[in-house]
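Some notes on the structure that comes next.
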Amino acid sequence: MSTGLDEALTRAAAVIAAAPEVALACHVTPDGDALGSMLALHLALRAAGRRSVASFPEPFVVADHYRGLIGLDTLTDPAAFPSAPAVMVTFDAGSIDRLGGLAASADAATELIVIDHHVSNTRFGTINVIDPDAAASGVVVRRLLDALDLPLDHGVATDLYAALICDTGRFQYESTTPEVFGLAGELAGFDLEIPTLSRSLFEEHRFSYLKLMGEAVERMVLERERGFVWTVVSQDMLARHGCTMDEAEGLIDIVRRTREAGVACVLKEDDDGTVKVSLRSVGEVDVCAIATANGGGGHRFAAGFTSRDDIDGTLARIRAAL
Ligand SMILES: [Mn+2]
């Protein structure tokens with residue numbers, strides 16, 4: 001850990017320790033790391049008798065496969081989130097717009113502690129605890145709990161474990177460092193329901209989603225000369241299969257298995273006319289650079305952005321970047 005990061009962590013812990021109440025928020029359509037890292041701090045604070053509210057912006061719905069996380073029933077509706085918190089902490093959000101409707105609260109917060117690991121983070125807090133080398137925001141939260149002298153329990157460990165396995169692809173991505181296994185070992189000591197959690201997070205889908213996935217795979221296009229593979233999820237496909245866009249989040253993990261491609265892409269037509277683009281790299285290409293150039297962000301191997309162009313126009317911009 002760099003000295004600057006160490007100092008930020010110490011300052012963040014001091015501010016949280018002194019606060020009568022903290023307001024926690026993670027990014028819109030939260031993933032396992034966003035929810036897990038936020039809930040871990042939330043549960044640890046509450047277990048210590050501290051006042052903490054935790055939320056995420058509308059749409060205030062947790063994807064079903066995160067149901068194994070602990071503390072979801074303690075989340076606060078974003079409409080009831082403090083409008084000008086004295087101390088607000090954000091999780092896994094690379095920029096303030098990722099907080100959606102809660103960005104105004106972040107703007108109005110006296111102290112804004114940003115906990116994240118995205119290399120593209122815009123450092124929008126008054127205290128930025130950002131470690132691009134951390135495999136997950138949950139890793140940073142584990143260090144923060146240490147600095148706060150807050151103990152882990154079964155719930156906290158479950159949420160941190162979910163953060164860790166979601167962002168490392170179950171210990172398979174490049175982010176899987178010795179520190180990750182060290183933390184996983186510590187967390188596993190809290191009697192986690194590992195098979196149940198793994199099945200709900202990764203191994204189980206609704207039948208109708210599997211059929212949607214089948215159609216999306218059928219429609220995959222491989223551009224061999226570019227080493228680029230892509231597919232589209234349209235509103236029509238979602239309607240025919242009775243699926244939501246959130247359910248299709250994991251589709252990119254199938255598309256990126258294509259041996260002939262170094263870069264994989266899923267383009268999801270949103271109901272507001274924009275296209276949500278997910279990018280993965282399994283080779284030399286830095287997909288974060290492509291996403292950042294298009295107003296998005298992420299990591300070198302996993303990134304995304306929202307496009308106002310149609311599918312063809314969006315693909316043309318990605319091809320040009322490749
Ligand atoms: Mn993350």
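Counting starts at 1 for both ligands and their atoms, following the listed order. Any value given below was found using the heavy atoms of this structure, including those in side chains, with hydrogens, waters and symmetry copies removed. The first residue of the sequence shown is numbered 1, and numbering continues consecutively from there.
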Can you list every pair that meets salt bridge (Lys or Arg N to Asp or Glu O under 4.0 Å) and has a residue in residues 92-113, with sequence neighbours left out? none
Report the relative orientation of the aromatic rings in H117 and H299; use parallel for angles under 30°, tilted for 30 to 60°, perpendicular for over 60°. tilted
Non-neighbouring partners of D246 that pass side-chain contact (heavy atoms from CB on, under 4.5 Å), sequence neighbours left out: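 Here the qualifying residues are T29, T244.
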State, to 0.1 Å, how close S105 and F81 come at their nearest heavy-atom pair, and which atoms those are.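 Looks like OG-CD2, 3.6 Å.
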Minimum heavy-atom distance between A216 and T231, given as atom pair plus value: O-OG1, 2.7 Å
Tell me every residue that passes salt bridge (charged side-chain N to carboxylate O under 4.0 Å, His left out) with E223, counting only those two or more places apart in sequence or in another chain.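 Listed in chain order: R226, R319.
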Quick one: how many protein N/O/S atoms are under 2.8 Å away from the Mn ion (ligand 1)? 4
